[in-house]
Amino acid sequence: MRRAFAQGRIGTAAEAAALTWRWRGGAFPRLVVTVGPSSSGKSTFARSLPGVRTVVCLDDLRRERGSRADQRANREVLGEGLDRLDAALADAAPDGGTVVWDATCLNRHQCSLVHAVARRRDALVTHAVWRLDEDSLARRNADRDHPVPPAVLGGQVRRYEPPYPGEAHRTWYVAADGHVRDRAGALHDEED
């Protein structure tokens with residue numbers, strides 16, 4: 001810890017606590033939070049991760065209510081999603097299982113709601129962050145089974161504020177091909 005502080009890698013108690021994850025026994029839930037606009041590749045990435053116990057996807061919750069595109073009940077869908085996340089993390093805790101939050105999480109406020117649940121469950125949080133230009137997103141959106149309206153996608157791009165390293169215990173930077181190409185955080189183990 002002292003070395004990390006001296007090197008400027010940590011400066012707060014929360015950052016110091018994040019360094020302790022590697023020394024824990026592994027019996028804590030792991031949460032991967034997808035962060036990026038629609039059409040980034042978040043759902044494909046979530047399905048490709050090995051060893052994932054549960055994926056909480058807000059689009060799936062909307063589909064269960066009748067229409068994936070229906071945004072009128074977003075507050076209720078978010079509440080249900082956060083409840084499912086809490087239950088999934090509780091279930092994953094005893095053996096260190098992994099849960100994925102599959103939603104846009106465009107800004108710090110949206111991520112903070114998920115982080116609050118993760119803190120209650122003492123989960124190790126990883127942000128999986130996408131950085132794609134607007135033209136690439138528009139091309140991907142046109143090829144999707146369920147494209148979002150171009151104006152909605154443009155609005156997401158304008159509101160998108162990727163998180164900084166340190167806002168989660170780990171940060172993975174996911175390239176357009178869906179592979180983690182860079183990492184930030186103190187914990188690097190084989191399962192990354």
Side-chain angles (χ1 to χ4, degrees), residues 28-95 97-132 134 136-163 167-168 171-172 174 176 178:
F28 51 84
R30 298 162 192 273
L31 173 62
V32 177
V33 180
T34 61
V35 181
S38 296
S39 304
S40 299
K42 298 178 305 296
S43 296
T44 301
F45 179 79
R47 288 189 304 270
S48 75
L49 288 173
V52 170
R53 177 168 295 159
T54 305
V55 175
V56 178
C57 177
L58 296 188
D59 285 340
D60 290 347
L61 295 178
R62 284 187 203 91
R63 185 181 305 117
E64 290 173 14
R65 291 172 159 259
S67 172
R68 174 186 162 116
D70 187 354
Q71 304 286 313
R72 292 176 295 178
N74 274 349
R75 183 178 299 258
E76 292 84 6
V77 167
L78 177 61
E80 183 179 344
L82 293 170
D83 288 344
R84 287 189 184 189
L85 176 63
D86 186 59
L89 289 172
D91 184 53
D95 62 356
T98 299
V99 176
V100 176
W101 177 261
D102 181 10
T104 53
C105 281
L106 294 174
N107 56 47
R108 190 169 284 118
H109 172 70
Q110 291 175 345
C111 287
S112 72
L113 301 172
V114 177
H115 286 207
V117 174
R119 271 191 304 278
R120 280 197 308 274
R121 293 295 176 185
D122 197 27
L124 180 129
V125 179
T126 302
H127 283 159
V129 180
W130 279 260
R131 289 293 296 170
L132 295 170
E134 194 167 358
S136 297
L137 289 169
R139 281 192 301 278
R140 286 173 170 227
N141 188 46
D143 293 338
R144 291 178 71 175
D145 291 337
H146 304 282
V148 298
V152 171
L153 182 60
Q156 288 180 3
V157 169
R158 284 187 295 285
R159 290 190 319 275
Y160 183 41
E161 298 172 1
E167 290 183 31
T171 304
W172 296 339
V174 184

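Predicted model only: the values in this text are computed from it and were never measured. For the numbers below, each heavy atom of this structure counts, side chains included, while hydrogens, waters and symmetry mates do not.
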Minimum heavy-atom separation for [X] to [Y], with atom names?
X    : Y    : result
L113 : L82  : O-CD2, 3.9 Å
G36  : S40  : C-OG, 3.7 Å
E134 : G154 : OE2-CA, 3.7 Å
R158 : A151 : NH2-O, 4.4 Å
R144 : V148 : NH1-CG1, 4.3 Å
V174 : A128 : CG2-CB, 4.1 Å

Q. Is the shortest distance from a Lys or Arg side-chain nitrogen in D60 or R63 to a carboxylate oxygen in the other one below 4.0 Å?
A. yes
Q | Carboxylate-amine/guanidinium proximity below 4.0 Å for R131 and E161 | A |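 Salt bridge between R131 and E161, a charged N being under 4.0 Å from a carboxylate O: no.
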Between [X] and [Y] (side chain of the first, backbone of the second, donor and acceptor by atom type, cut-off under 3.5 Å), is there such a pair?
X    : Y   : value
Y160 : V35 : yes
T54  : V99 : no
K42  : P37 : yes

Would a 4.5 Å heavy-atom cut-off, applied to side chains only, mark [X] and [Y] as touching?
X    : Y    : value
T104 : S38  : yes
R120 : L89  : no
V32  : W172 : yes
L31  : L124 : no
V100 : F45  : no
R65  : V77  : yes
W101 : L58  : yes
P163 : V129 : yes

Q: Before giving the answer on side chain to side chain contact (heavy atoms under 4.5 Å, CB included), spell out for V157 and L137 the whole-Å C-alpha distance, their side-chain angles and the decisive distance to 0.1 Å.
A: CA-CA 9 Å; V157 169; L137 289 169; 3.7 Å; yes
Rounded distance [0.5 Å steps], [atom1] in [X] versus [atom2] in [Y]:
X    : Y    : atom1 : atom2 : result
R62  : L78  : CZ    : CG    : 9.0 Å
R159 : L106 : CZ    : CG    : 5.5 Å
D102 : D59  : CG    : CG    : 7.0 Å
L61  : E76  : CG    : CD    : 12.0 Å

Q) Which one of D91, L85, D86 satisfies the side-chain contact (heavy atoms from CB on, under 4.5 Å) criterion with R121? A) D86
Q. How about H115 and H127: are their ring centroids closer than 6.0 Å?
A. yes
Q: Just do the side chain to side chain contact (heavy atoms under 4.5 Å, CB included) check on E167 and V125 with the steps written out, would you?
A: CA-CA 9 Å; E167 290 183 31; V125 179; over 6 Å; no
Q: Please assess R53 against D95 for the test side chain to side chain contact (heavy atoms under 4.5 Å, CB included), listing each intermediate value before the final yes or no.
A: CA-CA 11 Å; R53 177 168 295 159; D95 62 356; 2.7 Å; yes
